[in-house]
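Presented below is the structure to which this report refers.
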Amino acid sequence: MCSNSSVCSSAKATEVMQEINYAEEVEALKEQVRSMVVDEETKPEDKMILIDTLERLGVAYHFEKEINEQIAQIFQLQEQKGDEDYDLYTTSLHFRLFRMHGYNVPCSVFNKFKEDDGTFKKSLTTDIKGLLSLYEAVQLRRRQENILNEAKDFATHHLTCAMPIADSCLQQRVERALRRNKHWSLSRLEARYYISIYENEESKNELLLKFAKLDYNLLQNLHKEEISELMRWWKGLGIGSKLPYLRDCVVECYLWTAAVNLESRNSFPRLCAAKGLMLIVVMNDTIDSYATLEEARKFVEILQQKKWDMEKIDQLPEIMQIAYKAIFSAFEELEQEISKQGRPYAVSYFREAVGRLAGSYLKTLTWYLGHETPTFLKCIGNGIYDSGSHGVVAAYFMGIESASEEVFKWLMSGPTIVEASGQYVRYTNDIATYKHEHKPGELPNTSIDCYIKEYRVSKDEAIAKLCELAEDAWMAMNGEWLSTNRVPREFLKPVMNYTRAAYLSYGEGSDGFTCPQTGLSKDIEALFIHPITIN
């Protein structure tokens, strides 16, 4: 606390003025960058490099309309003229950007880099820049694209071998790419690390670099304000001290839900999603860490009613009544806010998602207590809801005015992209939490235990299989990204971004959500705490 109010006021005023100056400078720089994006004199290859740079720096969201128009024009041009003259770097870059923007480019564009015997050309093994571009491109592969699976292995092997001879900046990029899958990670977080690499590149554009730094810090300030608001809301619920079994995870919840769209200047959807996830955590921890099986059944029965009320809570113990009342009052608050938008159905669908989620938690508890031994497929089938994908995305959609009732119906119908997201979260969560949740000598209660028993394999073999299935889930999502047309793509991206939050939390084999000190804390600091130094 500041003991001198005049000093505090002065410091705050200075901070506000600095932010105003930064915002004004960003607006001025934005117009200069916009003119670069739409410049008709720029060659298509150079335009794609510019777009790629803007996306890596985390500022492409400012020019979404212009970039989409440029990508469409270049795609049409390439359809007419082909890309026979493009090298590995350019072909891979175009393939990745086109697929990222929804264009179904065939994987056959890489056939030209193969020998007659079907192997990739040996001349490519020393093209580090091209191999890196190829490695990033194949992360957007779909199921059964065998040439891209081969390309992944080829690029991974030769990038690993080439690391010692790459120049400093390229070496850092290769090391980062091999350690953390760029396509699976959050673009905002990757921008933070890319900025530090880009500023040391000889070919850097100083205008773009300054624009990216200023924009990053401004958006980070907005995230800080949202976290503060969320903490005040959580404290206002007054349940943290009353329910000692609850995890203290406000910031972690914010990361998972803000990840759905970190770049928007609209705070409301992020806060809706964050509040929704925190209510889900209250429900999960109550069922998982406090309730008996019978108490959990009663709790879930109340949560699965079409209309929530207070009539049946006397059936619950006092602590669980506190949990339910907090969830109930928070939902009423959300309903009042969202009804102002004329979308009362939005909260109803989120409530339905929470009810389904509660049912999946109850089923997991039944298995965990040894009342039933599920098959591996049953375990994963339940995990599609247990993962929270439906619930958190429904909470985010609550805050988006353009999310019509049709969008919610699509979400609740169990589309492939949402189910694949749930599968990925379940696989990676089970791998990360296995050491903690496995009970030696008892009935199988995790998907890994179920796989071991059902297929008679070792723990390591089971974990390897789940890693393979997790990658397959991503390929399914990539396929849906290119083929789904029932809803606009703006409603597909939050699903994929939620999955990216799971990758950050569990992708390195530890439970970063429950124990952020195992690795997630560094990402939280980079995203929300430490600004980028601006000279």
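Worth knowing before you read on, the calculation uses all heavy atoms, side chains too, and leaves out hydrogens, waters and symmetry mates.
No side-chain heavy atom of V393 sits less than 4.5 Å from a side-chain heavy atom of F408. Annotation: side chain of L262 is in contact with side chain of H223 (closest heavy-atom distance under 4.5 Å). At least one side-chain heavy atom of L279 sits less than 4.5 Å from a side-chain heavy atom of F331. Q423 is not listed as a side-chain neighbour of M477, based on a closest heavy-atom distance of 4.5 Å or more. Counting heavy atoms from C-beta outward, W234 and L230 have side chains that stay 4.5 Å or more apart. Using a 4.5 Å heavy-atom threshold, the side chains of F98 and I71 count as touching. Annotation: side chain of Y193 is in contact with side chain of D523 (closest heavy-atom distance under 4.5 Å). Under the 4.5 Å side-chain criterion, counting only non-hydrogen atoms from C-beta, V105 is not in contact with H94.
Of the inter-residue distances, the one linking N284 atom CG with T364 atom OG1 reads 8.5 Å to the nearest 0.5 angstrom.
For the ring pair (Phe, Tyr, Trp, His ring centres under 6.0 Å) with Y103, the qualifying choice from F75, W481, F95 is F75, the only one to do so. Of the residues listed (R143, R141, Q144, E471), the one engaging N149 in a side chain to side chain donor-acceptor pair (under 3.5 Å) is R141, and it is the only one. With respect to R270, the salt bridge (Lys or Arg N to Asp or Glu O under 4.0 Å) criterion is satisfied by exactly one of E229, E226, E263: E226.
Minimum interatomic distance between A177 and Y135 (heavy atoms only, all atoms of both residues): O-CE2, 3.5 Å. Shortest non-hydrogen contact noted between R343 and M398 is NH1-O, 2.8 Å. The heavy-atom pair separating A137 from F110 by the smallest distance is CB-CZ, 4.4 Å. Closest approach of C272 and G399 over heavy atoms only: SG-CA, 3.9 Å. Taking each heavy atom of V425 and A502 in turn, the nearest pair found is CG2-CB, 3.7 Å.
With salt bridges taken as basic N to acidic carboxylate O contacts below 4.0 Å, none links R247 and E252. A salt bridge is defined here as a Lys NZ or Arg NE, NH1 or NH2 lying under 4.0 Å from an Asp or Glu carboxylate O, and D215 with R265 meets this definition. Looking at D52 and R96, a side-chain N of the basic residue comes within less than 4.0 Å of a carboxylate O on the acidic one, giving a salt bridge. Here E480 does not pair with R486 in a salt bridge; the nearest charged N to carboxylate O distance is not below 4.0 Å. Checked for salt-bridge contact, E64 and R489 miss the test: no charged N lies under 4.0 Å from a carboxylate O. Ion pairing of E352 with R356 is present here, as a side-chain N (NZ or NE/NH1/NH2) and a carboxylate O approach within less than 4.0 Å. Ion pairing of E335 with R351 is present here, as a side-chain N (NZ or NE/NH1/NH2) and a carboxylate O approach within less than 4.0 Å.
For V260, the side-chain contact (heavy atoms from CB on, under 4.5 Å) partners two or more places apart in sequence, or in a different chain, are Y396, P494, Y498. With sequence neighbours excluded, the residues that form a ring pair (Phe, Tyr, Trp, His ring centres under 6.0 Å) with F491 are F397.
The number of heavy-atom neighbours closer than 6.0 Å to NZ of K152, taken from other residues, nucleotides and ligands shown, is above 12. Other residues, nucleotides and ligands place no more than 12 heavy atoms under 6.0 Å from the NZ atom of K459. No more than 12 heavy-atom neighbours from other residues, nucleotides or ligands sit within 6.0 angstrom of NZ on K363.
Of the N and O atoms on the side chains of D449 and Y434, at least one donor lies less than 3.5 Å from an acceptor on the other residue.
Between the S421 side chain and the I417 main chain, no donor and acceptor come within less than 3.5 Å of each other.
Aromatic pair W184/Y506: centroids not less than 6.0 angstrom apart.
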Please table the atom pairs, donor to acceptor, closer than 3.5 Å between any side-chain atom in residues 461-468 and protein atoms at least two apart or in another chain.
residue: E461; atom: OE1; partner: S458; partner atom: N; Å: 2.8
residue: E461; atom: OE1; partner: S458; partner atom: OG; Å: 3.2
residue: K465; atom: NZ; partner: E468; partner atom: OE2; Å: 3.3

Ring pair (Phe, Tyr, Trp, His ring centres under 6.0 Å) between Y349 and W410, worked out: CA-CA 11 Å; Y349 281 103; W410 166 81; over 10 Å; no

Exercise for review: Check the pair V33, V59 against side-chain contact (heavy atoms from CB on, under 4.5 Å), reporting the backbone distance first and the verdict last.
Suggested key: CA-CA 10 Å; V33 178; V59 294; 5.8 Å; no

Under the criterion side-chain hydrogen bond (donor to acceptor under 3.5 Å, both in side chains), I'd like the reasoning laid out for N497 against R188: C-alpha separation, chi angles, the key distance, then a yes or no.
CA-CA 11 Å; N497 281 345; R188 196 76 192 160; over 6 Å; no

Please test N429 against S387 for side-chain hydrogen bond (donor to acceptor under 3.5 Å, both in side chains), starting from the C-alpha separation and ending with a verdict. CA-CA 8 Å; N429 176 281; S387 68; over 6 Å; no

